[in-house]
Amino acid sequence: MSTSTLIPHLRQVSKKALPKISSLPSTLLLTRTPSPILISKRALTSTALKGLSVVPSVNPLRQYSTPSLAIQNEKTNVNQAPALAATAQDESMNDSSSQKEKQEKRISEIRDAKLIFNQAFKNVQDIHGRENMKFPKEIIWLMGAPGSGKGTHTPAILRARGITNPSISMSSLLATPECKELINKGMMVSDGKVVENLLHALLDCEPEVGVLVDGFPRSEVQVECLKLFHERMHELRKEFKHTPLKDFFPRPTFRICVLYVDEEISVNRQLMRGKLIQEHNAQVMRSGKGEIMEERVTDFDELLIRARYQIFKDHYSCLLKLSKIFPFHLINAVGSIDSVMRIILKEFEYQSSLELEHDTYEAISHIPLATKIGIHARQDLIRRLEHYCETEPDIFSKAVRFIDQEVSPMIARHAISGQALVRSDNTILSDPKIVEVVISILSERGYAVTMDERVHETPKRVDPKTFEIILERTHVYALNVRFPQHHIQPLEQKF
């Protein structure tokens, strides 16, 4: 077809195509290109008109001026709309269903935990008696990835907290043959059995000094049981508060400590531990000296090691829930033993807000800490000096004159010793403002100053009528001034 006949034909086609284009949705999905392109109706119309005005160029018209393409895409979008809407609705329903399932599972876990804990507590209470449910005041719950060094670092934690009770290892409590079989298979012992054994072990401790529990909690149910145990200890404390047994039911203090290492380090440490134990036992067998160490199945099978680590990962999120309730210490245990121990000691420093009774802490908490009292002391010192110099120059000049006349000579006399005791009966020191300025000036100059006021009473006469001894009172002010001591190297005579 020639160009002269093509133009009228295209115009005729465009008249039929443009109404279709105008009736298209505001956006259109084109799928002719390798990746779909989303264009607007305005762009589509203007491009078609532009293509019709350019006669020699025919290829662009193949994309936009053919009515079948636009109509086909329009029909496709219309037909797909119900399916897309249905898909979106299904996804929304699936998400809602998934959230509902998680919520129901959470409710079920909490309900199961209450049943498990209440039964375990009742079993233990039936044996010991309620008045003998005396648990340690402070309990540190130590958790960690396999091979993170819980056994290695336990003594450091005990020293930091002054705990003399032997630590409770859950692996030792669950050392029965049936428990060992489950553990060797990478499985876990039932939560009811774990909780009951733990409560018995806690009652065997001295309640006054605290205890460390290694390996609990390890599951969602055990986390809930720990919360319930904390609540039960508060209930016992409230129940026996006004009885002679109140000292045996103090306010409980729970701390959560998690030692973390990544999976590869965990695997390598356990395999290395198994190798060293084997070598040690072989040496004991050859020499007949020493003790045989227990060889754990999980220290030789990498698959079991990774299965144990996966269990730790699966239950780590439930441990994080405890961080919202109790003091939570997450410790990076990848470094050397000494570096990890330093971190542990820092984490477990004394914190009065966690250990004192609430009423006691509230009564003294307004008193500033010694470590923070000097944070803004320098700024306050400068502010005081500027204030007195500008607003009360008379007081400021009296303080400077007193230092020049009575303090500086004594400091110069004791320059080598690093300390001077200045006694004065100057009456200007009875003014608290002058005393404040004197101490501030000396502090600004680098001296550490303390001041003490004493009253000396001297008998002067006796009242002849009443025979009362009349005393004369004299105020003596003592300033203890300290500064860096200067060391003099003795001269050695050489022959």
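Numbers for residues simply follow the sequence, beginning at 1.
Qualifying salt bridge (charged side-chain N to carboxylate O under 4.0 Å, His left out) partners for R130, counting only residues two or more places apart in sequence or in other chains: E239. Residues passing the side-chain hydrogen bond (donor to acceptor under 3.5 Å, both in side chains) test with R269, sequence neighbours excluded: none. Under the ring pair (Phe, Tyr, Trp, His ring centres under 6.0 Å) criterion, F483 pairs with Y447, sequence neighbours left out. S336 meets the side-chain hydrogen bond (donor to acceptor under 3.5 Å, both in side chains) test with S339; sequence neighbours excluded. Legend: residues meeting ring pair (Phe, Tyr, Trp, His ring centres under 6.0 Å) with F300, ordered by chain and number and at least two apart, are absent. With sequence neighbours left out, S167 forms a side-chain hydrogen bond (donor to acceptor under 3.5 Å, both in side chains) with no residue at all. Taking E264 as the reference, R306 meet the side-chain hydrogen bond (donor to acceptor under 3.5 Å, both in side chains) condition, with sequence neighbours excluded. Shown here are the ring pair (Phe, Tyr, Trp, His ring centres under 6.0 Å) partners of Y260, two or more places apart in sequence or in another chain: there are none. For T152, the side-chain contact (heavy atoms from CB on, under 4.5 Å) partners two or more places apart in sequence, or in a different chain, are I337.
The list of salt bridge (Lys or Arg N to Asp or Glu O under 4.0 Å) pairs with a residue in residues 197-214, not counting sequence neighbours, is empty. The ring pair (Phe, Tyr, Trp, His ring centres under 6.0 Å) contacts involving residues 192-224 comprise H128-H200, W141-F216, where partners must be two or more places apart or lie in separate chains.
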Throw together a table of side-chain donor-acceptor distances under 3.5 angstrom for residues 275-288, partners on residues two or more places apart or in other chains.
unit_1	atom_1	unit_2	atom_2	d
H280	NE2	E291	O	2.9
N281	OD1	M293	N	2.8
N281	ND2	I277	O	3.4
N281	ND2	M293	O	2.9
N281	ND2	E295	OE2	3.0
Q283	OE1	R286	NH2	2.8
S287	OG	Q283	O	2.8
S287	OG	K289	N	3.3

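For the pair R342 and D338, the salt-bridge criterion is not met [side-chain N within less than 4.0 Å of a carboxylate O]. A salt bridge links R383 to D380: at least one charged side-chain nitrogen sits closer than 4.0 Å to a carboxylate oxygen. For the pair D112 and K114, the salt-bridge criterion is not met [side-chain N within less than 4.0 Å of a carboxylate O].
For I292, the CD1 atom sits in a packed shell: over 12 heavy atoms of surrounding residues, nucleotides or ligands are nearer than 6.0 Å. For CZ of R423, the number of neighbouring non-hydrogen atoms (other residues, nucleotides, ligands) closer than 6.0 Å is 12 at most.
Taking 4.5 Å as the limit, some side-chain heavy atom of P146 sits within range of a side-chain heavy atom of F312. At least one side-chain heavy atom of I157 sits under 4.5 Å from a side-chain heavy atom of L212.
Ring centroid separation for the pair F121 and F229 does not come in under the 6.0 Å cut-off.
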